[in-house]
Novice: 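Pasting a structure here, questions to come.
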Amino acid sequence: MKLSALNDMQQKAVLQTEGPVLILAGAGSGKTRVLTHRIAYLIEEKGIRPQQILAITFTNKAAQEMKERVEAQIGVLCRDMWVSTFHSTCVRILRMNIDKLGYDRSFVIYDMDDQKRLLKECYKQLNIDDKAWPLASTHNEISSSKDELISPEEYEKQAGADFRRQKIAQVYHLYQKKLQGNNALDFDDLIFKTVQLFTLHPDVLEYYQDRFQYIMVDEYQDTNTSQYQLIRLLASKYKNLCVVGDDDQSIYKFRGANIHNILDFEKDFPKALVIKLEQNYRCSKSILDAANQVISNNRGRKAKTLWTDNPEGTPIQKIETQNEYEEAEYVAKQIIEEIEEGREYKHIALLYRTNAQSRVLEEKLIRANIPYRLYGGVRFYERKEIKDLIAYLRTIANPSDDIAVQRIINVPKRGIGNTTVDRIIEFAHTEAYDFFDVLLAADEIPVLQRAASKLKAFANMMISFQHQVPHIKLVELVEQILKDTGYLQELERENTDESEGRIENIKEFISKVADYEQSADEPSLSGLLEEISLVADIDNYNEENNAVSLMTLHSAKGLEFPCVFITGLEEGLFPSYMSIASGDEQDIEEERRLCYVGITRAEQQIYFTHARSRMVRGNTQYNRMSRFLEEIPVYLYGETEEKEFRPTSNTPIFQQNKVNIPTRKVKIDMPTPTHFQLTFEEGDQVKHKKFGQGVVLEIRPAGADYEVTVDFGEKGIKKLMAHLSKLQKADH
DNA sequence: CTCCTTTGTCTTTTT
DNA sequence: GACAAAGGAG
């Protein structure tokens, strides 16, 4: 086995196979290489069997790559080696054992949307007003409690006399009861229930301890308490635990990530060997310097200095524009320049803090005929038509899944309205039936008499699908559903751009099902559903596809690109308004780490852009340049510190052509009028819905719209966006 | 029961 | 601006 390709520290990390090891791996320091070599070394030199190894990665994509790399290196397939994410690992364990916790082994996994629906149901049943108790915050509280391994009972105990927390405890209880009744787990349950399984059933724990004698965890800085406990339990017998992480890249606090897991590793595992990988192989010197300068403003870090032998490289670029449209135009123009100088599309990434920022960028890329691919945002499996189809599949796989049944009971329309559905829920609840069972017994229930025939027809159709499952292929099942329910027919009848897009998506879904059926070891309906619920969008990242990548800074973690644009570097956007307003320096520090992650994605070239004004949620904001850019010393920006970009009115690249986006249909509503036609001028009388009639004092262009100052007399002088507020010219 | 319009809230980030 | 929920008409 060749270790000569590794530096001293990397070799040390590979060779120390026994006992607890903490690898502090700076950005671009070759940690993936270390991990794959380590696994290969375990198998080849130490004679460890692949099935004794468990490696946890952050994404499915990373897992797959790591496995392939190991297999390529040792020339043997390792089918029994578990390389996967926390969630997938837990699902695998639970599928074998969850009956011990009173669930059925064919449980389904609820995504965010399902979770919210179920919560809403709880609200209804408990008579809780979602105005006074925002759904999102309740959901958040329950989710983070689960991350902290706090059960409903425990939560209630801790709530004490606190009214708010008592109320949430009530919801949490019911929510959990309903999940179990639907034979469903949410994301957080996957980990929580596995820990519970291990704590309540030591024999099961011991089985997995003996099986996984060598455990490795990547991106350890982003593990939360429940994940930590899971690993601690699994590793406690043999203690061959190797964790890899970088405290400077911890960016998932909002998801419960506990940075102390990595900061206190040596406390938890006293004899741990700590190895620091400090040589960066990825970034040019300028880029790394910039990143180091930014992150040096954080306190409470593990001491380390990331350095590189790489050349200085080209200076980093900082560009200011008037607004987000010009920012996007600059980016598009600059991408074209990069391409002309020989860069490939797939080597360019466009990063931003919030998903909402992608729209304007997409628009300009399309006009400039630049192929791109969008990751995140509205995910493929979250689209209405896809979720509908999945709900059908879920109903077939698990009729107890009330949320799925309710989603599709009247999609497409079969004359089963809200009133009927409410009555079914009511009845199911008082008599403790599954929603689906009520459908079958509808004609015996007085309040459902009128709808009974429709309900039974629906239920029978689902049952007949169920009977078919063992005999036909999954693809055929999906096609059968589309046909028998009339779903496809209805879309075809609509015949709009939108419905066409939906049909496209359905076709893509079918081909994904076919892919699954071909590639899976033992394809099954529940296996398909599981895969669907656990894939992240980034898992579909594909090098083959020669297109610019657009994604949030969070999604970019673990990836690298020769050329990176980070857009929207403005106070209030990045760092986010929330982190500034909280007044907690720790929140700013998390944003700064996110910035650090962003910068260190770049190998050769990085561009920072910020806009003086930007539309956020319908109104224009004026933001100062981000503090993070102030933290980068001037000399790194090259000769000209700040450049300003001014588009010329007829920049040739922005033709109105649409471009075909290769694989995924991206939802964009084009074209957005660049020049909104005003029907009035200064001095005219205009009408407004709320304020009535007024006189136009001033008109200023702002993005695609105009900012108009109007004197509404006693209602005051207002600044309005002409298009947005639908200002109309009025006669006297 | 369905379709259409209006209203209000919202967003940081995601397995 | 986007989307869901609520309200009103047929």
Side-chain angles (χ1 to χ4, degrees), chain A residues 56-63 84-91 109-113 115-117 120 130-131 134-137 140 143 146-147 185-191 219 222-224 226-227 250-257 351-357 359-360 375-379 381-382 384 410 412-421 450-451 454 533-539 551-557 568 572-582 587 590-591 593-595 597-598 615-620 667 669 672 689-690 703-705 721 723-726:
Chain A
I56 304 278
T57 57
F58 200 67
T59 62
N60 295 298
K61 171 98 182 151
S84 62
T85 62
F86 270 107
H87 296 268
S88 303
T89 306
C90 288
V91 170
I109 300 160
Y110 275 7
D111 69 9
M112 188 98 96
D113 184 59
Q115 295 168 31
K116 293 248 165 94
R117 280 168 195 255
K120 217 171 272 177
D130 63 355
K131 297 252 165 17
L135 211 68
S137 70
N140 217 345
S143 168
K146 289 185 179 185
D147 288 344
L185 303 189
D186 65 18
F187 282 130
D188 308 304
D189 277 343
L190 295 176
I191 321 283
E219 308 283 6
D222 282 321
T223 51
N224 62 33
S226 57
Q227 292 165 339
S250 165
I251 54 173
Y252 280 104
K253 189 167 152 211
F254 70 94
R255 206 167 81 186
L351 309 181
Y352 36 79
R353 178 67 238 267
T354 65
N355 283 306
Q357 287 166 257
R359 247 197 72 239
V360 178
Y375 300 90
V378 185
R379 286 202 207 86
Y381 292 117
E382 282 167 16
K384 267 191 209 71
N410 199 29
K413 308 247 176 313
R414 5 181 120 81
I416 303 172
N418 280 331
T419 337
T420 310
V421 171
R450 212 145 49 98
K454 292 171 191 160
S533 19
L534 294 179
V535 290
D537 213 35
I538 209 71
D539 291 333
M551 64 186 85
T552 62
L553 287 145
H554 281 88
S555 300
K557 185 166 95 157
L573 185 63
F574 189 25
S576 75
Y577 173 74
M578 296 295 257
S579 67
I580 297 172
S582 83
D587 290 341
E590 173 126 338
E591 298 277 312
R593 289 194 291 272
L594 188 56
C595 185
V597 167
M615 275 267 231
V616 180
R617 289 212 304 278
N619 45 18
T620 311
K667 193 190 131 205
D669 292 318
T672 306
K689 211 168 42 175
K690 262 202 193 113
D705 205 340
M721 300 307 285
H723 183 61
L724 204 60
S725 54
K726 304 196 178 71

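Just so it is clear, the model here is predicted, and its values are computed rather than measured.
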Novice: The side chain of A:K120 is closest to which nucleotide in this list: C:dA5, B:dT14, B:dT15?
Specialist: C:dA5
Novice: Checking A:L135 against A:K120 for the side chain to side chain contact (heavy atoms under 4.5 Å, CB included) test, could you report, in this order, the C-alpha distance in whole Å, the side-chain angles of both residues, the deciding distance, and whether it holds?
Specialist: CA-CA 7 Å; A:L135 211 68; A:K120 217 171 272 177; 3.7 Å; yes
Novice: When you measure from the side-chain N and O atoms of A:N410 to the phosphate of B:dC1, is any distance below 4.0 Å, counting only OP1 and OP2?
Specialist: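 Answer no for this pair, as no side-chain N or O of A:N410 is under 4.0 Å from OP1 or OP2.
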Novice: Counting only side-chain nitrogens and oxygens, does A:S576 get under 4.0 Å of the OP1 or OP2 atom of B:dT11?
Specialist: no
Novice: How would you label the contact of A:S579 with the nucleic acid (heavy atoms, under 4.0 Å): base, sugar-phosphate, or nothing?
Specialist: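 The residue A:S579 makes no contact with any strand.
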Novice: Answer yes or no: does a side-chain N or O of A:T552 lie under 4.0 Å from OP1 or OP2 of B:dT14?
Specialist: yes
Novice: Say whether, by atom type as modelled, one donor and one acceptor occur between the side chain of A:E590 and the main chain of A:K253 under 3.5 angstrom.
Specialist: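 Yes, because the side chain of A:E590 sits within donor-acceptor range (under 3.5 Å) of the backbone of A:K253.
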Novice: With a non-hydrogen cut-off below 4.0 angstrom, is A:Y252 in contact with a base, only sugar-phosphate, or nothing?
Specialist: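 Sugar-phosphate, no base atom in range.
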Novice: Should the ring pair A:H87 and A:F187 be called parallel, tilted or perpendicular, given that the plane angle runs from 0 to 90° and is split at 30 and 60?
Specialist: perpendicular
Novice: So if I take every side-chain heavy atom of A:T85 and compare against B:dT13, B:dT15, C:dA4, which nucleotide ends up nearest?
Specialist: B:dT15
Novice: Return the nearest nucleotide to the side chain of A:M578; candidates are B:dT12, B:dT2, B:dC1.
Specialist: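 The nucleotide sitting nearest to the side chain is B:dT12.
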Novice: Under 4.0 Å between any heavy atoms, over every strand shown, what does A:D222 touch: base, sugar-phosphate, or nothing? Just pick one.
Specialist: nothing
Novice: Taking atom P of B:dT12 as reference, at what distance in whole Å does atom CE of A:M551 sit?
Specialist: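 After rounding, the reported distance stands at 22 Å.
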Novice: Whole angstroms only, please: what is the CD-C1' distance between A:Q357 and B:dT13?
Specialist: 11 Å
Novice: Any side-chain to backbone donor/acceptor pair from A:S576 onto A:G572? Under 3.5 Å, distance only.
Specialist: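 No.
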Novice: Where the side chain of A:R255 is defined as all heavy atoms beyond and including C-beta, which of C:dA4, B:dT15, B:dT13 is the nearest nucleotide?
Specialist: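 Selected nucleotide (nearest to the side chain): B:dT15.
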Novice: Under 3.5 Å for both donor-acceptor distances, Watson-Crick or wobble: does B:dT11 have a partner, and if so which one?
Specialist: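 Here B:dT11 is not engaged in any pair, so there is no nucleotide opposite it.
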Novice: Would you say A:N355 places a side-chain N or O within less than 4.0 Å of OP1 or OP2 belonging to B:dT12?
Specialist: no
Novice: Using a cut-off of less than 4.0 Å, is there contact between a side-chain N or O of A:S555 and OP1 or OP2 of B:dT14?
Specialist: yes
Novice: Verify, without hydrogens or angle tests, whether A:N355 (side chain) and A:T552 (backbone) share a donor-acceptor contact under 3.5 angstrom.
Specialist: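 No.
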Novice: Give the rounded distance in Å between these two atoms: NZ of A:K116 and P of B:dT9.
Specialist: 16 Å
Novice: Just checking A:K413: base, sugar-phosphate only, or nothing, at a heavy-atom cut-off of under 4.0 Å?
Specialist: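 Sugar-phosphate, no base atom in range.
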Novice: Verify the stacking flag for A:F254 against B:dT14: centroid separation must be under 5.5 angstrom and the ring planes must differ by under 30 degrees.
Specialist: no
Novice: Select base, sugar-phosphate, or nothing to describe what A:E590 touches, counting heavy atoms under 4.0 Å on all strands.
Specialist: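 No contact.
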